[in-house]
Trainee: 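First the structure, which I've put down as structure tokens, then a few questions once you've had a look.
In what follows, every chain begins at residue 1, and chains take the letters A, B, ... in the order their sequences are listed. Note: hydrogens, waters and symmetry copies are ignored here, and every other heavy atom, side chains too, is used.
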Protein chains: 2
Amino acid sequence: MDTRHMRYFMALAETLHFGRAAERMNMSQPPFSRQIAMIEHTLGVKLFERNSRNVALTPAGKHFMKDCRNVLGQFEDACRDVRLIASGMKGELRFGFMMHAAHSVVPQLVQLYAEARPDVRLVLDERTPTEIDEMLVAGTLDAAVTFDCGYAPHLQAVLLARERLRIIMRKDHPLATAGQIGPDELRDEKIIAAPAATAPALRSAINSYFSAGGIVPRVVLEPRLQHTIIQLVAKGLGVALIPASLCTELGAGLTSRALSDAPQLDVVLRAPITTKNPAVSTFMEIGKSIQRTSL
Amino acid sequence: MDTRHMRYFMALAETLHFGRAAERMNMSQPPFSRQIAMIEHTLGVKLFERNSRNVALTPAGKHFMKDCRNVLGQFEDACRDVRLIASGMKGELRFGFMMHAAHSVVPQLVQLYAEARPDVRLVLDERTPTEIDEMLVAGTLDAAVTFDCGYAPHLQAVLLARERLRIIMRKDHPLATAGQIGPDELRDEKIIAAPAATAPALRSAINSYFSAGGIVPRVVLEPRLQHTIIQLVAKGLGVALIPASLCTELGAGLTSRALSDAPQLDVVLRAPITTKNPAVSTFMEIGKSIQRTSL
DNA sequence: TCCATCTGATACCCTGAAAGCATTGATCGT
DNA sequence: ACGATCAATGCTTTCAGGGTATCAGATGGA
């Protein structure tokens with residue numbers, strides 16, 4: 001038994017006429033009759049009651065017809081789907097992103113891609129930049145949005161946006177109403193920043209900003225999550241330098257200010273060059289289209 | 001593409017080794033390799049990444065594996081089920097029965113059959129004897145329990161039980177405490193009985209009982225449903241002759257009495273001789289086993 | 001570095017499943 | 001009774017798919 005035999009059976013079950021069923025199968029009647037006989041023989045089941053005048057389904061044949069319709073449908077679907085998956089029209093894309101990009105490019109990227117490839121299941125995974133790098137290398141992620149940290153072999157990258165850092169503080173903090181803010185003004189401030197092990201690019205940008213002014217920053221707290229940093233600032237435990245896009249939705253007691261010669265960070269979309277997931281390529285393409293509008 | 005090809009694919013997907021997969025398919029490696037290449041070619045999809053040292057599934061291949069497992073499973077099921085249906089182990093049996101047998105043989109028959117053939121769906125259909133006869137001929141029922149009405153071509157029959165008729169009446173009715181009850185005692189009673197058009201065997205048994213005593217019964221009401229007859233007797237509108245098995249669960253105000261020379265009716269299990277439903281034969285066999293215990 | 005070995009791909013041949021054509025046999029309507 | 005219709009059967013042919021032998025690329029040990 002084979003799907004071909006099921007198709008023969010279905011043709012006869014639907015037409016109840018050997019000649020016409022054979023025609024539908026693009027063959028002549030005699031071999032078709034033989035195939036039907038063969039099917040019945042191998043199954044050991046009489047599927048049709050027939051004489052030289054009439055053809056009718058047996059009860060077993062009626063049930064088999066339903067089952068065959070099912071099986072053939074699923075069979076076709078499987079063949080169709082594997083093509084769609086291979087072409088990137090269907091499947092799954094594991095997409096990582098850092099919190100620092102969650103409010104800017106990520107929503108846009110996700111929305112555009114979901115519109116372009118509605119049958120690809122986007123698995124979103126918020127991670128720290130370091131975790132993202134590891135998972136991209138390990139193949140646990142297909143693509144990710146993170147800060148550009150320079151050299152990365154076997155990873156392709158698309159520049160999505162360039163973000164300036166701003167400083168955030170409580171509204172009752174002296175700096176909230178001060179003039180220009182640069183490294184010098186921050187000399188004695190308690191700084192809250194993610195550790196280098198978690199967000200190397202961000203931390204090194206902050207460090208460079210201070211060391212360019214000859215200052216050693218007083219980093220008093222190093223929480224791993226961006227969320228936590230903002231909460232600690234809100235409790236008055238210090239100030240923090242965070243990407244501008246995260247400053248739009250601060251809590252009530254917080255405010256942000258621009259920095260003089262503010263450090264810039266590149267937000268990139270990354271994926272392994274040797275990715276086997278065909279869904280990635282259009283994801284990267286959509287990244288490029290975002291780049292054109294955001295830069 | 002065919003299920004055979006899917007099986008080849010699955011063998012390779014599970015072993016990730018051409019030689020061993022070919023062996024599992026009981027063939028040599030070269031034609032197996034060709035078949036895999038053919039599958040990939042006809043689908044237009046690369047399912048395996050391979051060199052002379054390693055074989056691995058592509059993402060599309062991984063998805064296809066799941067789909068194939070599904071399809072192959074359903075395929076096997078369909079072939080297995082059609083055999084079960086043809087052997088009467090699975091399927092559907094449309095079973096009609098008259099109310100007059102609902103309290104005696106029908107529950108037993110249904111229970112025994114459900115135990116013997118748990119995968120056959122028993123469709124129960126309570127009908128009047130006349131409806132049952134029509135539906136058996138029309139093929140709307142596969143089998144039915146009804147009164148034996150003598151000659152019935154192209155119907156096979158198994159005698160299930162022989163039921164005596166008893167008379168039912170209100171407890172405050174004079175007959176409830178009278179001596180022997182025969183046609184003579186019923187001469188002036190108002191009789192309630194199903195019309196001949198609905199239950200010919202029953203009605204003719206009642207008529208014969210009276211005419212044997214030279215009596216013409218005073219049939220005052222002719223409801224079609226057995227249920228209604230009992231209700232009308234309860235309201236004091238007359239008395240009725242009903243099968244003994246229905247007398248065990250009369251309402252509070254009713255009682256039943258034996259009749260002298262009570263008429264007997266044969267309860268039979270019937271099915272078309274030329275039935276195409278393979279589930280019927282064991283149903284009839286179980287009927288025969290009930291017959292042995294009940295007679 | 002070279003060779004033995006493992007593994008998948010290719011070349012070529014051969015068998016049999018399945019298709020085609022011609023015909024038979026059974027059934028129904030005129 | 002006869003012709004028309006339709007499924008079944010007999011016989012031939014073809015090609016999909018299997019077998020054997022061999023090649024070619026990769027790996028690991030000497």
Trainee: Quick one: does B/Arg83's side chain have a donor or acceptor within less than 3.5 Å of a partner on A/Leu43's backbone?
Mentor: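 Side chain of B/Arg83 to backbone of A/Leu43, a donor-acceptor pair under 3.5 Å: yes, one is there.
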Trainee: The test is side-chain contact (heavy atoms from CB on, under 4.5 Å); show your working for A/Phe9 and A/Phe48 and say whether it passes.
Mentor: CA-CA 10 Å; A/Phe9 167 77; A/Phe48 298 96; 3.6 Å; yes
Trainee: Less than 4.5 Å apart, any side-chain heavy atom of B/Leu265 and any of B/Arg162?
Mentor: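 With C-beta onward as the side chain, the pair stays apart.
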Trainee: How would you label the contact of A/Arg53 with the nucleic acid (heavy atoms, under 4.0 Å): base, sugar-phosphate, or nothing?
Mentor: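 Base contact - A/Arg53 has a heavy atom under 4.0 Å of at least one base atom.
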Trainee: Under a 3.5 Å threshold, yes or no: a donor from one side chain and an acceptor from the other, between B/Glu285 and B/Ser289?
Mentor: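 The criterion, which ignores hydrogens and geometry beyond distance, is not satisfied for B/Ser289 and B/Glu285.
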Trainee: For chain B and DNA chain C, what are the first and last nucleotides along the strand, 5' to 3', with at least one atom under 4.0 angstrom from a heavy atom of the protein chain?
Mentor: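 Taking any atom under 4.0 Å from a heavy atom of chain B, the span is C/dC6 to C/dC12.
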Trainee: Using a 3.5 Å distance criterion without hydrogens, assess whether the side chain of A/Glu40 forms a donor-acceptor pair with backbone atoms of A/Leu47.
Mentor: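 Yes; judged by distance alone, with no hydrogens or angles, the pair exists.
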Trainee: How would you label the contact of B/Tyr8 with the nucleic acid (heavy atoms, under 4.0 Å): base, sugar-phosphate, or nothing?
Mentor: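 Answer is sugar-phosphate: B/Tyr8 comes under 4.0 Å of backbone atoms only.
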Trainee: Under 4.0 Å, heavy atoms only, any strand: does B/Gln35 hit a base, just the sugar-phosphate, or nothing?
Mentor: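 Counting heavy atoms under 4.0 Å across all strands, the contact made by B/Gln35 is with sugar-phosphate only.
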Trainee: Flag the pair A/Glu92 and B/Lys66 as a salt bridge only when some basic side-chain nitrogen lies within less than 4.0 angstrom of an acidic carboxylate oxygen.
Mentor: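 Salt bridge absent between A/Glu92 and B/Lys66.
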Trainee: Any side-chain to backbone donor/acceptor pair from B/Thr42 onto B/Ile39? Under 3.5 Å, distance only.
Mentor: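 Such a contact is found between B/Thr42 side chain and B/Ile39 backbone.
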Trainee: Of A/Met27 and A/Pro30, whose nearest nucleotide on DNA chain C comes first from the 5' end?
Mentor: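 Nearest-nucleotide comparison on DNA chain C picks A/Met27.
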Trainee: Have a look at B/Arg34 and say if it touches a base, only the backbone sugar-phosphate, or nothing, with a 4.0 Å heavy-atom cut-off.
Mentor: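 If one applies the 4.0 Å heavy-atom cut-off, B/Arg34 turns out to touch a base.
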Trainee: So which heavy atom on B/Ile286 is nearest to which on B/Tyr113, and how close?
Mentor: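 The pair with the smallest heavy-atom distance is CD1-CA, 3.6 Å.
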Trainee: With side chain to side chain contact (heavy atoms under 4.5 Å, CB included) as the test, pick out the partner of B/Phe147 among B/Leu202, B/Val268, B/Asp266.
Mentor: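 For B/Phe147, the side chain to side chain contact (heavy atoms under 4.5 Å, CB included) check succeeds only for B/Leu202.
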Trainee: Is it true that A/Arg69 and A/Glu14 make a salt bridge, defined as a side-chain N closer than 4.0 Å to a carboxylate O?
Mentor: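 Looking at A/Arg69 and A/Glu14, the cut-off is met.
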Trainee: Which ones in residues 10-19 of chain B lie close to DNA chain D, meaning a heavy atom under 4.0 Å from one of its atoms?
Mentor: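 Residues of residues 10-19 of chain B that come under 4.0 Å of DNA chain D do not exist, since none gets that close.
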Trainee: Would you call B/Asp2 and B/Arg4 a salt bridge, using N to O less than 4.0 angstrom?
Mentor: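 Answer for the salt bridge query: no.
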Trainee: Which part of the nucleic acid does A/Arg20 contact within heavy-atom distance under 4.0 Å: base, sugar-phosphate only, or nothing?
Mentor: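 Touches nothing.
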Trainee: Of all nucleotides in DNA chain D that come within under 4.0 Å of a heavy atom of chain A, which is furthest toward the 5' end and which toward the 3' end?
Mentor: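 Extent of the interface on DNA chain D: D/dT5 to D/dC11.
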